[in-house]
Amino acid sequence: MGYQSRVLRPLYCWLISRHARVAADTMKIATWNVNSIRVRLPRLTSWLRRVEPDVVCLQETKVVDDNFPFAELQDLGYKCLINGQKTYNGVAILSRLEMIDPLPNLPDDSPDVERRLVSATIDGIRIIDAYAPNGGFVGSERYSYKLDWFRRLRAYLDSSFSPEHPLLVCGDLNVAPEDRDVWDPAKWRGKILFSEPEKERFQHLRAWGLEDALRLRHQESGLYTWWDYRAGAFRRGQGLRIDHVLISKPLVDRCATVEIDRDERKGDKPSDHAPVVMSLES
DNA sequence: ATGGCTACTCCTAGTAGA
């Protein structure tokens with residue numbers, strides 16, 4: 001009874017979290033496009049030590065499974081579920097908790113597909129780690145592939161899950177959904193990452209029954225997750241919000257905080273993407 | 001100044017990312 005009190009509950013949870021690998025009170029789930037896990041490993045490990053997330057969905061690991069840095073991540077207490085590929089793409093879920101029913105790819109992907117998806121159930125939540133195609137330029141073959149990839153992801157949700165169950169789709173979705181997610185909407189309008197058909201596909205995915213977690217907590221413009229390496233884009237505040245955490249209805253009330261860790265875009269050898277971290281209450 | 005970088009590869013030039 002005392003543990004439910006406004007004062008005692010946080011204290012209790014703080015004490016528990018200091019002595020257990022798994023926080024008793026909240027679960028931290030993060031997504032981060034690391035743009036090569038081999039180059040980013042020193043930053044990733046120090047970030048894991050600092051933030052202590054329970055689950056991390058990584059994109060663009062760019063490494064075959066045999067060369068994945070299992071040992072370093074296991075030393076920090078993470079099990080690794082990977083769907084790797086040489087040079088391009090590659091996704092991984094790191095988790096302190098058990099991962100049930102692991103699955104690579106979309107059900108209608110061919111065996112030699114680009115490795116853009118991996119999913120597992122963690123603590124009763126179906127977690128889908130996704131790296132959407134970039135799309136090249138509007139009208140290109142890669143653009144068509146991107147639009148169709150979104151259609152297939154929505155079809156997968158339709159055929160395999162119910163929005164009444166706890167489900168989360170997160171990752172680099174390579175779409176900035178609204179004007180407030182883009183540093184210069186006029187300049188970006190109609191361009192890749194911000195074209196109307198891409199935004200429609202993103203909204204169609206959400207219409208299955210997913211909330212944009214960051215927008216549950218923050219309404220302002222200027223919240224970006226990616227900045228071009230060129231032109232001092234980060235320094236100039238020229239970014240886009242293209243990395244997302246989308247959650248089904250049962251998770252909405254549990255969503256306590258959602259933050260972009262933009263400090264990770266600073267300093268030596270950053271990824272061009274910043275992590276997004278969500279805290280879920282139990 | 002309308003482009004500026006980074007990471008990859010059967011690696012020093014070409015491709016892709018976003």
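Every chain is numbered from 1, with letters handed out A, B, ... down the list of sequences.
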In whole angstrom, give me the gap between the [atom1] atoms of [N] and [M].
| N | M | atom1 | value |
| --- | --- | --- | --- |
| dG14(B) | dG4(B) | P | 16 Å |
| dC11(B) | dT6(B) | C1' | 15 Å |
| dC10(B) | dA16(B) | P | 14 Å |
| dG3(B) | dT9(B) | P | 29 Å |
| dT2(B) | dC8(B) | P | 30 Å |

- What do the steps show when you test M27(A) against S282(A) for side chain to side chain contact (heavy atoms under 4.5 Å, CB included), and what is the final call? CA-CA 7 Å; M27(A) 180 170 168; S282(A) 49; over 6 Å; no

- Item | Donor-acceptor pair between W47(A) and D261(A) side chains, under 3.5 angstrom |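 Short answer, yes.
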
- Sequence-distant partners of Q74(A), side chain to side chain contact (heavy atoms under 4.5 Å, CB included), two or more places apart: F70(A)

- Query: How would you list, by chain and number, every residue that makes a side chain to side chain contact (heavy atoms under 4.5 Å, CB included) with D253(A), sequence neighbours excluded?
  - Reply: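 Side chain to side chain contact (heavy atoms under 4.5 Å, CB included) list for D253(A), sorted by chain: empty.
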
- Within a radius of less than 6.0 Å around CZ of F137(A), do more than 12 heavy atoms belonging to other residues, nucleotides or ligands occur? no

- Query: Rounded to the nearest Å, what distance is computed from the CZ atom of residue F234(A) to the P atom of nucleotide dT6(B)?
  - Reply: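 In whole Å, dT6(B) P and F234(A) CZ are 14 Å from each other.
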
- Give the rounded distance in Å between these two atoms: CZ of R230(A) and P of dG3(B). 10 Å

- Could you run down nucleotides 7-16 of chain B 5' to 3' and tag each one B, S or - for protein heavy-atom contact under 4.0 Å? SSSS-----S

- Task: Go through the structure and list residues passing side chain to side chain donor-acceptor pair (under 3.5 Å) with D112(A), not counting sequence neighbours.
- Result: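 Testing D112(A) for side chain to side chain donor-acceptor pair (under 3.5 Å), a comparison that skips the adjacent residues, returns S110(A).
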
How would you label the contact of [X] with the nucleic acid (heavy atoms, under 4.0 Å): base, sugar-phosphate, or nothing?
| X | result |
| --- | --- |
| I242(A) | sugar-phosphate |
| N33(A) | sugar-phosphate |
| Y131(A) | sugar-phosphate |

- Task: Would you kindly check if the NZ (Lys) or CZ (Arg) of K199(A) is within the cone defined by 45 degrees around the ring axis of F194(A) and under 6.0 Å from the six-membered ring centre?
- Result: yes

- Are R116(A) and Y131(A) in a cation-pi contact, defined as NZ or CZ under 6.0 Å from the six-membered ring centre and within 45° of the axis?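 R116(A) over Y131(A) ring: yes.
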
- Going by number, which of residues 184-194 of chain A have a non-hydrogen atom under 4.0 Å from DNA chain B? L193(A)

- Looking at DNA chain B, which of residues 169-178 of chain A put a heavy atom within less than 4.0 Å of it?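 Of all residues in residues 169-178 of chain A, the ones placing a heavy atom under 4.0 Å from DNA chain B are D172(A), N174(A).
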
- Task: Determine whether L157(A) and L167(A) make a side-chain contact, defined as any pair of heavy atoms from C-beta on separated by less than 4.5 Å.
- Result: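 Touching, per the 4.5 Å side-chain cut-off.
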
- Task: Take V63(A) and Q85(A) through the test side chain to side chain contact (heavy atoms under 4.5 Å, CB included) and record every step on the way to the result.
- Result: CA-CA 5 Å; V63(A) 73; Q85(A) 177 182 342; over 6 Å; no

- Which of these, I122(A), D54(A), L168(A), D123(A), sits in a side chain to side chain contact (heavy atoms under 4.5 Å, CB included) with I29(A)?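 Answer to the side chain to side chain contact (heavy atoms under 4.5 Å, CB included) test with I29(A) among I122(A), D54(A), L168(A), D123(A): L168(A).
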
- Using heavy atoms to find the nearest nucleotide of DNA chain B for G232(A) and D228(A) separately, return the residue whose nucleotide is more 5′.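 Result: G232(A).
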
- Find which nucleotide of DNA chain B each of A231(A) and W226(A) is nearest to by heavy atoms, and output the residue with the more 5' nucleotide. A231(A)

- Any donor-acceptor pair under 3.5 Å from R215(A) side chain to H218(A) backbone: yes

